[in-house]
2 protein chains.
Amino acid sequence: MPAAAPAVEARVTDLIREAIVRGDYAPNQRLIEADLSESFSASRATVRTALLELASEGLVERLPNKGSRVRAISLDEAIEILEVRIGLEGLCAAKTAEGLTDAEAAEFEGLRAAMLAAVDEGDLVEYARLHQRLDARVRELSRHATAAGVLARLYAQSIRYHFKLASKPARAKVSLLEHVAIVDAILARDPDAAERAVRAHLLSVIDALRDLAA
Amino acid sequence: MPAAAPAVEARVTDLIREAIVRGDYAPNQRLIEADLSESFSASRATVRTALLELASEGLVERLPNKGSRVRAISLDEAIEILEVRIGLEGLCAAKTAEGLTDAEAAEFEGLRAAMLAAVDEGDLVEYARLHQRLDARVRELSRHATAAGVLARLYAQSIRYHFKLASKPARAKVSLLEHVAIVDAILARDPDAAERAVRAHLLSVIDALRDLAA
DNA sequence: TCATCCAAAATCGTTGACAATTTCTACCCC
DNA sequence: GGGGTAGAAATTGTCAACGATTTTGGATGA
């Protein structure tokens, strides 16, 4: 049996999603089915399916009989997404703190040390990678499929704003302290403190985003 | 122009969704494209698109090369959904309390009176209708499209459990008090109190659901 | 009896073509 | 010259057919 090639459909969806997230297609740019069909050498129906899927993820906007376009996330929407994330990531952090195993605790200690080192060395890219990994692990270890699923979607939508924030050096120091507080609360196995720490962090991100716009 | 007939695609999606929510198709029942195609007299491609859409809403489960089935929401999942709703509905209630106009306040006072009357008369069906309307209005008036969108999806998924709870007469009295508390907090234009009231209510629903299973 | 294998049926995935709708363009009339 | 209009071009929506994959049922042999 040849190494189980993934369905074309799923593959095309991923390719288009990556292209959007990477910024190959500008916000509000029209996505014409026939063009994508040629670009990715897939049938138009396959592309159509992919666009449908991406529309449900919030990355693409579909107007009946008028085609698809890359959905532009406004600053207001980005803030809305962060507000929703307060509730969801707070929940995940609390659950993670509640059910933390010793092995998981060790992993978080490692991440905390690595984040501190990265910021100390001024390596913003590495720090961004690490704190994304921290967020992802908190979501996974919460074992809360519903919250994790919703968060994954929201995250993809607002990725553009993540880049903008991550490029501000002054932001890293604030962000670091907040993330350390989150890790500390989880390591203390204190669900309430973890939820509060997440809330504080995301409120701070909202403020930073507002400043960025002003 | 003739009253803008909706696209067949959207119509079929709605029909299948209603059939699932109404319970015409049992959980885990296989949904065969060819059969649905005949039932709704639409092409298989249209049905396929509809199933894809419903899968993204969480109502249908799609296994690659193995077809679609009505997704069965386990009790654990229903509880997860309620946990997520705490964060989201709490947010909506806070926003609604924050920006409440006098006209909206009058509407909530009317709903509160109607709910009290319905439970007093033992009309459980009317009470269920009213408190669903209350929830919906809180979502709408929060003007938080992101939270409202996520909530709409989660609500459709867990509708089966709503029915189960709504049919317990003893539950109505508890539920009524909690909803009155929510309305009171909103009318007082106190965001924090509204969020706490929503949290208390949903935690109580989680308990009730656990009892139901035991 | 039971496990194994193979063929046939059922079902999904993909494609190309056609129909319906929207958008663009050139033209005409005022 | 401006505005509206008919027709053409571009694009999406729908369909039926073909190919690929999975499941089913029964025949075979130990």
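Numbers restart at 1 for each chain; the letters A, B, ... are given by sequence-line order, proteins then strands.
The pair A:R189-A:E98 does not meet the salt-bridge criterion, since no charged nitrogen lies less than 4.0 angstrom from a carboxylate oxygen. Between A:K95 and B:E83 there is a salt bridge, since at least one side-chain N of the basic residue sits less than 4.0 Å from a carboxylate O of the acidic one.
Rounded to whole Å, the distance from CZ on B:R48 to P on D:dT14 is 15 Å. In this structure, the CG atom of A:L63 is 13 Å from the C1' atom of D:dT11, given to the nearest Å. As a whole-Å value, the separation of A:L52 CG from D:dT12 C1' is 12 Å. Atom pair A:R30:CZ and D:dT12:C1' shows a separation of 9 Å (rounding to whole Å applied). What separates NZ of A:K66 from P of C:dC24 is a distance of 10 Å, to the nearest Å. If you take CG of B:N65 and P of C:dT14, they are 8 Å apart, rounded to a whole angstrom.
Minimum interatomic distance between B:A78 and B:I73 (heavy atoms only, all atoms of both residues): N-CG2, 3.8 Å. In terms of heavy atoms, B:V183 sits closest to B:F108 at CG1-O, 3.9 Å. Closest approach of B:V21 and B:F163 over heavy atoms only: O-CE1, 4.3 Å.
Considering only side-chain N and O atoms, B:T46 lies nowhere under 4.0 angstrom from the phosphate OP1 or OP2 of D:dG13. The phosphate of D:dC15 has OP1 or OP2 within less than 4.0 Å of a side-chain N or O from B:S43.
Nearer the 5' end of DNA chain C, as judged by each residue's closest nucleotide, is the contact made by B:G67, out of B:G67 and A:R44. Both B:E33 and B:A45 lie close to DNA chain C; mapped to their nearest nucleotides by heavy-atom distance, the more 5′-ward contact belongs to B:E33.
The salt bridge (Lys or Arg N to Asp or Glu O under 4.0 Å) contacts involving residues 68-81 of chain A comprise A:R71-A:E77, where partners must be two or more places apart or lie in separate chains.
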Please list, pair by pair, any protein nitrogen or oxygen found under 3.5 Å from a nitrogen or oxygen in nucleotides 7-10 of chain D.
none

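For the 3.5 Å distance criterion, the side chains of B:R62 and B:S68 qualify, holding a donor opposite an acceptor.
Using a 4.0 Å heavy-atom cutoff across all strands shown, A:L31 reaches sugar-phosphate atoms only and no base atom.
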